[in-house]
Amino acid sequence: MSIDHAPPDISPVSSLPPSAAAPPRKEPELVPLAAAAGRRSRVPRWVRRTSGPLLLLALWQVLSGTGALPADILAAPGTIARVAVDLVADGSLPSAMAVSLQRVAVGLLLGLVVGVGLALVSGLFRVGEDLVDASVQMLRTVPFVGLIPLFIIWFGIGEAPKVAIITMGVMFPLYLNVYAGIRGVDAQLIEAGESLGLSRWGLVRHVVLPGALPGAMTGLRYSLGIAWLALVFAEQVNADAGIGYLMVQARDFLRTDVIVVCLIVYAFLGLLADFAVRTLERLLLQWRPTFTGR
């Protein structure tokens, strides 16, 4: 006697009704990093960057308006704005800015030539390093402000000592950064250039100088900051024109509003110069990928 067994149900899943089929898987959505960063911060960056100074300015105005900050100690922002408009209207501030900019430009140019020239001699040649580096390092430790009396004896009380002070302040950051940039070039790049048949001048032009350019731009930014600092000291010495001359006159008459206007002009010119150098840096260093923050 035979017993028949029913065959098992091995029908494919596709034979099931549509309502019983498994739901399709949903692929995860890929979000670019830039879009994710934009979602994290919906506030424009320029708003975040200006919020700090605006809050500080508002606090300053409140303290001045309530009398917590007397006018003889520090004038109110509204008073300083009115004084700035008056100085621009009578032409005294634009003429002072023109004189100060000329002094900084001449001192920066001379310091650029001297500092970069010495760095090239010391960085490219061992003999140049032996002859130059020790002397520059000794002079670097001497405060350039302390050389003002000596410069007055040497050059008189005209424009020469003021330009010399700015030149001394500018040349050392340029020298240090350009020298470090030259000596920091990867030796493997030098070997690769030599294997490609580059001459000594070709190595300097195509390998060493491009490799030292980031350091040179950093040194230029430092030098610009020191140039404005040196200008403040230079224009306090027997100056008859310039922003420092306005500050000396304001000090004699206890005009804190004029002094603050001159300080703001110094800061604005320094910020403008730094922006110009950063723009130049982005143009010259497009080949170098850098981290820009998150």
Hydrophobic clustering (ILVMFWY, side-chain heavy atoms < 4.5 Å, transitive) - are [Y] and [X] grouped together?
X	Y	answer
I166	V99	no
M171	L109	no
V85	V265	no
Y245	I148	no
V163	L269	no

**Study point:** Separation of L147 CG from F233 CZ (nearest 0.5 Å)
**Key:** 12.5 Å
Review point. What distance separates C262 SG from Q249 CD, expressed to the nearest 0.5 Å?
Key: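 Reported value, rounded in 0.5 Å steps: 9.5 Å.
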When you measure from the side chain of [X] to the backbone of [Y], do you find a donor-acceptor pair of N or O atoms at a distance under 3.5 Å?
X	Y	value
T218	P214	yes
T66	L63	yes
W60	A75	yes

[X] versus [Y], closest heavy-atom pair with distance:
X	Y	value
F155	P161	CB-CD, 3.8 Å
I259	A250	CG1-CB, 3.6 Å
A227	V170	CB-CG2, 3.7 Å
L246	A96	CD1-CB, 3.7 Å
A119	I182	O-CD1, 3.9 Å

Practice item. Please assess M247 against Y266 for the test side chain to side chain contact (heavy atoms under 4.5 Å, CB included), listing each intermediate value before the final yes or no. Key: CA-CA 11 Å; M247 292 182 65; Y266 275 129; 3.5 Å; yes
Practice item. I would like to know whether L118 and V178 meet side chain to side chain contact (heavy atoms under 4.5 Å, CB included); could you show each step before the answer? Key: CA-CA 9 Å; L118 292 176; V178 175; over 6 Å; no
Exercise for review: Quick one: do S100 and L231 satisfy side chain to side chain contact (heavy atoms under 4.5 Å, CB included)? Show the steps, please.
Suggested key: CA-CA 8 Å; S100 297; L231 178 67; 3.7 Å; yes
Taking only residues two or more places apart in sequence or in another chain, which ones pass side-chain contact (heavy atoms from CB on, under 4.5 Å) with [X]?
X	result
V207	V185, L189, I190, L198, L203
L176	Q137, R140
D274	R221, R278

Exercise for review: Enumerate the residue pairs fulfilling side-chain hydrogen bond (donor to acceptor under 3.5 Å, both in side chains) with a member in residues 151-172, sequence neighbours excluded, ordered by first and then second residue.
Suggested key: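 Qualifying pairs: R103-E159.
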Exercise for review: Enumerate the residue pairs fulfilling side-chain hydrogen bond (donor to acceptor under 3.5 Å, both in side chains) with a member in residues 169-183, sequence neighbours excluded, ordered by first and then second residue.
Suggested key: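 For residues 169-183, and leaving out neighbouring residues, the side-chain hydrogen bond (donor to acceptor under 3.5 Å, both in side chains) pairs sorted by first residue read S122-Y175, E129-Y179, E129-R183, D133-Y175.
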Review point. Within a reach of under 6.0 Å around CZ of F268, are more than 12 heavy atoms found that belong to other residues, nucleotides or ligands?
Key: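 Incorrect, the count does not exceed 12.
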Review point. Among pairs that include at least one residue of residues 75-86, which meet salt bridge (Lys or Arg N to Asp or Glu O under 4.0 Å), considering only residues two or more places apart or in two chains?
Key: none
**Study point:** Stepwise side chain to side chain contact (heavy atoms under 4.5 Å, CB included) check, I226 with F172
**Key:** CA-CA 10 Å; I226 295 178; F172 295 115; over 6 Å; no
